[in-house]
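In what follows, a structure is listed as structure tokens, so that the remarks can point back to it.
What you are looking at is a predicted structure, and each value in this text was computed from that prediction instead of being measured. Just the heavy atoms: all of them, side chains too, but no hydrogens, waters or symmetry mates, feed the values below.
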Amino acid sequence: MTGAAPLRVWVDADACPKAAKEQLIKFALKRKFEVLLVAGQSQIKPAFACVRLIVVPSGPDAADDYLVEHAQPGELVICSDVPLADRLVKKGVAALDPRGREFDERNMGDRLAVRNLFTDLREQGQVGGGQGAYGDRDRQAFANALDRLLTQLARAGVR
């Protein structure tokens, strides 16, 4: 096989804000890469040839397991799920959350510890719900981080 395979970006689509998916698709149309939306429930697929919707059988962690099994080193997964990101990073797959925070070997331990702490506090009733609304600052941080990571992955793919 000659040359690098085309870049693919996977999305944990059930948990990804619509605005982040729309931003990602704009990048895909401009930079010519494939977006694979992996979901545990049916969703409306954007009408672009570069976007595929993969609906996995429902069940705990079915979409996560699919992403870990199919995403390859040199590809990117958009997800908010810290344990999923940890599994991906250990496999050598780049991971980014929809708010522009990159997951990597250097920060996974801290990210897992914070996630576990907040899970424990929520279970004890000491803290409430999850993250706030997805706003303009999140959209901009995601766009900036996505641009940087896509550029890094594209450079790494050229041998």
Side-chain angles (χ1 to χ4, degrees), residues 1-108 111-112 115 130-131 133-159:
M1 185 169 112
T2 59
L7 177 63
R8 295 190 304 182
V9 176
W10 300 81
V11 180
D12 183 1
D14 291 322
C16 188
K18 182 180 179 192
K21 287 186 255 191
E22 290 170 350
Q23 181 86 45
L24 178 62
I25 292 166
K26 286 179 186 173
F27 273 84
L29 292 168
K30 185 176 180 182
R31 294 187 180 208
K32 311 278 189 255
F33 61 82
E34 186 177 20
V35 174
L36 299 115
L37 303 172
V38 179
Q41 56 195 12
S42 189
Q43 299 189 358
I44 296 172
K45 181 190 122 17
F48 298 103
C50 65
V51 180
R52 279 190 14 219
L53 174 63
I54 301 163
V55 179
V56 297
S58 62
D61 298 326
D64 294 2
D65 293 342
Y66 187 94
L67 286 162
V68 171
E69 184 178 332
H70 291 88
Q72 298 297 315
E75 296 179 337
L76 173 62
V77 175
I78 308 300
C79 66
S80 313
D81 184 315
V82 177
L84 169 59
D86 185 51
R87 293 170 65 193
L88 292 163
V89 167
K90 285 178 178 165
K91 186 179 173 182
V93 176
L96 178 69
D97 85 2
R99 294 175 186 264
R101 295 179 296 241
E102 185 178 354
F103 297 98
D104 61 30
E105 309 83 23
R106 295 180 312 275
N107 69 19
M108 274 319 310
R111 299 283 296 266
L112 281 167
R115 179 242 181 222
Q131 302 182 64
Y134 192 80
D136 289 340
R137 181 173 284 159
D138 297 312
R139 248 190 299 282
Q140 188 61 52
F142 177 66
N144 292 342
L146 182 62
D147 182 51
R148 182 177 41 75
L149 270 174
L150 290 172
T151 300
Q152 286 174 0
L153 291 169
R155 285 185 183 141
V158 178
R159 308 215 190 296

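Here the CG-CZ distance, from Leu146 to Phe27, works out to 4.5 Å after rounding to the nearest 0.5 Å. The CG atom of Asp61 sits 7.0 Å away from atom CG of Asp81, with the distance rounded to the nearest 0.5 Å. Atom NZ in Lys91 sits 9.5 Å away from atom CG in Leu67 (nearest 0.5 Å). One finds the CG atom of Leu88 at 10.5 Å from the CD atom of Glu75 (value rounded to the nearest 0.5 Å). Considering CG of Asp86 and CZ of Phe103, their distance stands at 9.5 Å, rounded to 0.5 Å. In this structure, the separation between NZ on Lys21 and CD on Gln43 is 4.0 Å, given to the nearest 0.5 Å.
Using modelled atom types and a 3.5 Å distance limit, the side chains of Asn144 and Gln140 yield a donor-acceptor pair.
Remark: Phe33 engages no residue in a ring pair (Phe, Tyr, Trp, His ring centres under 6.0 Å) (not counting sequence neighbours).
Here the closest non-hydrogen pair linking Gln23 and Arg139 is OE1-O, 4.4 Å. Scanning all heavy atoms of the two residues, the minimum distance from Cys50 to Leu29 falls at SG-CD2, 3.8 Å. For the pair Val93 and Pro73, the tightest heavy-atom approach, listed with the atom from each and the gap, is CG2-N, 3.8 Å. Contact record, Leu96 with Ala145: CD1-CB, 3.7 Å, taken as the closest heavy-atom pair. When all heavy atoms are compared, the tightest approach of Ala63 to Asp12 is CB-OD1, 4.4 Å. When all heavy atoms of Tyr134 and Ala19 are compared, the closest pair comes out as CE2-CB, 3.8 Å.
Around atom NZ of Lys45, more than 12 heavy atoms belonging to other residues, nucleotides or ligands sit under 6.0 Å away.
With hydrogens and angles disregarded, a donor-acceptor distance shorter than 3.5 Å links the side chain of Asp14 to the backbone of Gly40.
Annotation: side chain of Asp138 is not in contact with side chain of Pro98 (no heavy-atom distance under 4.5 Å). Annotation: side chain of Asp65 is in contact with side chain of Arg87 (closest heavy-atom distance under 4.5 Å). Residues Phe142 and Ile78 form a side-chain contact, since some pair of their non-hydrogen atoms from C-beta on lies under 4.5 Å apart. In this structure, Leu36 and Val9 have side chains that are not in contact, with every pair of non-hydrogen atoms separated by 4.5 Å or more.
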Side chain to side chain contact (heavy atoms under 4.5 Å, CB included) for Ile54 and Leu37? Distances and angles first, verdict last. CA-CA 6 Å; Ile54 301 163; Leu37 303 172; over 6 Å; no

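Using a cutoff of 4.0 Å between basic side-chain nitrogens and carboxylate oxygens, Lys26 and Glu22 are not scored as salt-bridged.
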